[in-house]
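Letters A, B, ... are given to chains in the order of the sequence lines, protein chains preceding strands, and every chain is numbered from 1.
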Number of protein chains: 2
Amino acid sequence: MTSVDTQLGRRPGFTDGILPAACPSRTVLDHVTSKWGVLVLLALSDGTHRWGELRRVVQGISEKMLAQTLRTLEEDGLVVRVAHPEIPPRVEYSLSDRGRDLNEHLMPLMAWIDHNASEMLGRA
Amino acid sequence: MTSVDTQLGRRPGFTDGILPAACPSRTVLDHVTSKWGVLVLLALSDGTHRWGELRRVVQGISEKMLAQTLRTLEEDGLVVRVAHPEIPPRVEYSLSDRGRDLNEHLMPLMAWIDHNASEMLGRA
DNA sequence: CCGCATCCGTCACGATACTG
DNA sequence: CAGTATCGTGACGGATGCGG
């Protein structure tokens, strides 16, 4: 291992770095940035929402991906799922405490992207 | 469109929201969160690095994906590529001003993920 | 040797149809 | 309404090749 590797591997503010393949951060990062994870988390940032609402609001997401994304986010403890035993069925999704905590770091990033996007794509 | 849709579509701090499918933010978001985008940006956060360094440091990335990721990030104006006409060839990558600006929003997020990852995966 | 393009197998994604 | 099952397609990753 060269000096530049150790330099890159460890970084101030991180425990072990995120670049090594084996660290758990990779898994969580893959879940959160899983093409729809960020958008679903953002959609839930203002409170509880039903399946159909999320389906319509996160435009372009397929039912399969919405189900899969919600399930992994729930397994990671970021999203809370509450099923009401009614007819017709009603299922509500909301952020957990940890999910809200994550969102507070996610929102400024999304605001930056939203603010810079058009300017970035203008030049190709 | 119901009231919840408009409520979700617009959000304080965002121009048009990111959830609509047609907005440019989606494209940029897909580039940045493109499975390797975040890791490459993070790897460049401490300065200029060569191709081979990035290849070794971002563990698990294939040469094809590294090339593709670097090219899209360069097209978006986040990464600067400098090729030195030497034998053996030497190509150096670094963050642009905008890339550094983005990274300042990315780093706290990654630090949060790195800090919470192990605890999140502990409970399945 | 290093940076990168190309070919090809595999797998995740998306559209549709169907169930409780 | 809230999902699950099935299937075709496109993106991804590995191996290979080539120019410098």
Can you sort out the partners of R26(B) under side-chain contact (heavy atoms from CB on, under 4.5 Å), two or more places apart, ordered by chain and number? W36(A), L39(A), V58(A), Q59(A), A21(B), C23(B)
How many whole angstroms separate atom CG of L66(B) from atom P of dC2(C)? 14 Å
Figure out the CD/P separation between Q68(B) and dA5(C), and round it to whole Å. 10 Å
What's the CD1-P distance between I87(B) and dG3(C), to the nearest Å? 12 Å
Should L70(A) and L54(A) count as side-chain neighbours, where that means a heavy-atom distance under 4.5 Å? yes
Does R100(A) have any side-chain hydrogen bond (donor to acceptor under 3.5 Å, both in side chains) partners at least two apart in sequence or in another chain, and if so, which? D97(A)
K64(A) side chain: which of dA15(C), dC2(C), dG3(C) is closest? dA15(C)
Side chain of S96(B), backbone of G77(B): donor and acceptor closer than 3.5 Å? yes
To the nearest angstrom, the CZ-C1' distance between R55(B) and dC2(C) comes to 12 Å
With sequence neighbours excluded, residues passing side-chain hydrogen bond (donor to acceptor under 3.5 Å, both in side chains) with H105(A): none
If I compare all heavy atoms of E63(A) with all of W51(A), which pair ends up nearest, and what's the gap? O-CH2, 3.6 Å
Check: N116(B) and V28(A) side chains under 4.5 Å, non-hydrogen atoms: no
What are the bounds, 5' to 3', of the part of DNA chain D that sits under 4.0 Å from heavy atoms of chain B? dC12(D) to dG20(D)
For atom CD of E63(B) and atom C1' of dC7(C), their distance in whole Å: 15 Å
Between R71(B) and dA5(C), is there a side-chain N or O to OP1/OP2 distance below 4.0 Å? yes
Ignoring hydrogens and geometry, is there a side-chain-to-backbone donor-acceptor pair from T72(B) to H31(B) under 3.5 Å? no
Contact check, residues 28-36 of chain A vs DNA chain C, heavy-atom distance under 4.0 Å, returns K35(A), W36(A)
Check: H49(B) and V57(B) side chains under 4.5 Å, non-hydrogen atoms: no
Can you work out whether A67(A) or P89(A) has the more 5'-proximal nearest nucleotide on DNA chain D? P89(A)
Relative to the 5' end of DNA chain C, which residue comes earlier, G60(A) or Y93(B), by the nucleotide with the nearest heavy atom? Y93(B)
Separation of E53(B) atom CD from dC1(C) atom C1', in whole Å? 15 Å
Say whether L42(A) and V80(A) are linked into one hydrophobic cluster, either directly or through other cluster members, by side-chain heavy-atom distances under 4.5 angstrom. no
Atom pair distance, as rounded to whole Å: NE2 in H49(B) and P in dG3(C): 14 Å
Would you find a donor on one side and an acceptor on the other, under 3.5 Å apart, between the side chain of D114(B) and the backbone of M110(B)? no
Atom NE2 of H84(B) to atom P of dC1(C): distance rounded to whole Å? 22 Å
Dot-bracket, DNA chain C: Watson-Crick or G-U, under 3.5 angstrom, [ ] crossing, | other strand? ||||||||||||||||||||
Is there a chain of hydrophobic side chains (I, L, V, M, F, W, Y, each step under 4.5 Å between heavy atoms) that links V40(A) to M107(A)? yes
